[in-house]
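These figures come from a predicted structure and were not determined experimentally. In each ligand, atom 1 is the first atom listed, and ligand 1 is the first ligand listed.
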Amino acid sequence: MAEHPKIGIRPIIDGRRRGVRESLEDQTMGMAQRLAKLYTDELHYIDGEPVKCIIADTTIGGVSEAIACQKKFDTENVGLTVSVTPCWCYGTETLQMDTRTPHAIWGFNGTERPGAVYLAAALAGHAQLGFPAFGIYGKQVQDADDETIPDDVRGRLLDFAKAGLAVAQMRGEAYLSMGSVAMGIAGSTVKDEFFGPYLGMRNEYIDMSEFYRRINEKIYDEEEYEKALKWMKENFTIGKDYNPEKNQHPERHEDWWETCAKMVLIGHDLMKGNPKLAEKGWAEEAGGHGAIAAGFQGQRQWTDGMPNGDVMETVLNTNFDWNGARQPVGVVATENDSLNGASMLFGYLLTNTPQIFSDVRTYWSPESVKRVTGYELEGHAKDGFLDLRNSGSTTLDGAGKATRDGKPVIKPWWEVTEEDQKAALEATTFHPSGYEYFPGGGWSTHFRTSGEMPVTMCRINLVYGQGPVLQIAEGWTIDLPDEVATTIEQRTDPAWPTTWFAPRLTGEGAFASVYDVMNNWGANHGAISYGHIGAQLITLASMLRIPVNMHNVPEDDIFRPRAWTLFGTADVEGADYRACKNFGPLYR
Ligand SMILES: C[C@H](O)[C@@H](O)[C@@H](O)C(=O)CO
Ligand SMILES: [Mn+2]
């Protein structure tokens, strides 16, 4: 069982005895216990285990108890804390003085005791001391004996915890570059000054030649390989060869399947290690690289002579394999675009669902669709859409063939059923890869993502002199009539995974039109998550001190540390930049 970061819950109380403290003990500790129950009932780690909470041994009425609590939390791998209180307490005497851990404070809105006054005092302390905290305070007054958690408070408590858990689960993990820079893609130039100071992650590197070595010397689990190969050949439908004139060597398809199956196993072992390798005498290789995220360069060099990395990237990202439903191996970025990989990681840790990697390929206006296909766009697509299509792969879950209450969704792996797996496989075809781009052969993963799924596309960009910024676009996948879809696909690369995306427009700035969304997109790739998670991404970004340069999240839904308002309340976007600059990256 993995050692996951816990949520530390700190019941804060007025330390004055002779009646004050005594009168508050049950209510205060009760808030902590109810919050722990909320978290363990509602939240999971990426492996599916319920989130673990730990409560201080006593209520915290002063610095000695705050120190005792901090010592306890330090031994319990606490990754984020929430302090709860219904009353006045002694501000900086009761703070958790850990500058790298996300903190939130829930001040009970009940007027019998001044809980909100403590909340404000403590948040002022956090701001003054330089480790800003999140403030949570319900809109309606509750009676002192009211043990419910109101919806507005519940929402904030959960959003804080999801983002805080993402921060904590990233820390200490690696991004593994399998290869180097793909075709001059800036995101492939891996910047450890981003991964370390901002995410607390390490950067690991292997050369793609390691795949040759491991294939040639059989440094993989050969039994597992036979299972994987059998499963792929039984379940991966071969699609049309769009390059017949280039004669994609049909006699080599068997070799491609064998190589691709080996690459899946080797990619897994490089990221996570595999004790089976030690049994074969490969002790060092058995250790792996501790990677929660990785990227495969592929193009060029490898793909000029060897089967491409599509199948590997697809299977490692997907919620299932030949052994059935299982946690994705991690997030794997095509073309080693580490910034898109980090963006995928944000979505993955916030939702526990696999992420779609796509090129942001084409803006299709209603006029262009009409001219080319004769079709009048409607519904979410009425203002146009973006053709998101990856020259690499994307998770099979991205086909959106799993359903919940009859609607297409992308699920956490522990909810994936046999039917979901079957539906995703049946919706996907593996085509001989385009010879012009991939002369080494291999397969391209094709499906059309089901429409009408709420999704969020995001992307981290690095700016000289500024550092990382995050952009976010919530919207929907869309369906097109088959003949319209086919016409459009045939103009592009029909063998690649197709996701059509209609961002939600606000009529202003980067969201004035679908064209503006694409015109403001900071790079060639986007990371797409199931669900409208823009608000949670904004919360996560603020914890990591990464400013958000573009989003279409309603302002009321934005939840950042209270100190952000001290950098301006009229210009919320500018305040975000000023606050992030001021506090600096979390791990420096
Ligand atoms: C055409 C190139 O080979 C593809 O790799 C290109 O479409 C990309 O994916 C660039 O991000
Ligand atoms: Mn690409």
Side-chain angles (χ1 to χ4, degrees), residues 175 177-191 208 242-243 246 248 260 263 267 293-314 316-317 331-345 347 354-364 386-395 398 430-449 457-462 471 473 488-501 518-529:
Y175 174 87
S177 295
M178 300 189 279
S180 173
V181 179
M183 301 179 295
I185 293 173
S188 293
T189 310
V190 181
K191 296 288 183 183
M208 289 186 286
Y242 288 99
N243 312 266
K246 293 283 185 183
Q248 279 288 293
C260 292
M263 288 173 72
F296 182 66
Q297 175 192 337
Q299 298 178 76
R300 304 260 306 274
Q301 292 86 36
W302 179 272
T303 54
D304 290 354
M306 287 289 282
N308 65 16
D310 252 36
V311 169
M312 173 180 72
E313 294 170 23
T314 299
L316 295 182
N317 274 310
V331 294
V332 180
T334 301
E335 293 152 359
N336 193 29
D337 183 342
S338 61
L339 292 177
N340 221 54
S343 308
M344 292 165 78
L345 185 58
Q355 302 293 300
I356 294 173
F357 178 114
S358 287
D359 287 2
V360 183
R361 168 107 180 208
T362 311
Y363 161 64
W364 279 95
L386 301 184
D387 178 353
L388 306 179
R389 169 183 308 269
N390 186 28
S391 69
S393 74
T394 204
T395 174
F430 287 82
H431 300 257
S433 57
Y435 182 80
E436 52 182 2
Y437 294 148
F438 304 104
W443 307 99
S444 286
T445 313
H446 174 68
F447 53 67
R448 281 179 198 161
T449 301
M457 181 161 77
C458 76
R459 169 73 192 198
I460 297 164
N461 294 295
L462 287 183
Q471 60 189 149
I488 291 177
E489 278 178 337
Q490 294 303 322
R491 286 173 76 100
T492 63
D493 286 279
W496 295 0
T498 302
T499 303
W500 285 309
F501 172 57
M518 181 152 177
N519 199 37
N520 282 279
W521 207 253
N524 46 327
H525 294 140
I528 297 96
S529 180

Looking at side-chain heavy atoms only, is the closest gap between His431 and Trp496 below 4.5 Å? no
Chain-and-number sorted residues having a heavy-atom contact under 4.0 Å with ligand 1 are Met183, Ile185, Gln299, Glu335, Asp359, Ser391, Tyr437, Trp496, Asn524, His525
What is the name of the N/O/S atom in His525 that sits closest to the Mn ion (ligand 2)? NE2
Please check if the side chain of Trp302 supplies one atom and the backbone of Pro307 the other of a donor-acceptor pair under 3.5 Å. yes
Does a side-chain heavy-atom distance below 4.5 Å link Leu386 with Thr362? no
Let me confirm one number: the CE-CE distance from Met263 to Met208, rounded to the nearest 0.5 Å. 9.0 Å
Side chain to side chain contact (heavy atoms under 4.5 Å, CB included) between Asn317 and Met344: does it pass, once the steps are laid out? CA-CA 10 Å; Asn317 274 310; Met344 292 165 78; 3.8 Å; yes
The atom of Asp359 among N, O or S that is nearest the Mn ion (ligand 2) is OD1
Taking the side chain from Gln471 and the backbone from Arg459, do they hold a donor-acceptor pair closer than 3.5 Å? no
Do any N or O atoms from the side chain of Asp359 and from the backbone of Arg361 form a donor-acceptor pair under 3.5 angstrom? no
Confirm or rule out an N/O/S atom of Glu335, from backbone or side chain, lying less than 2.8 Å from the Mn ion (ligand 2). yes
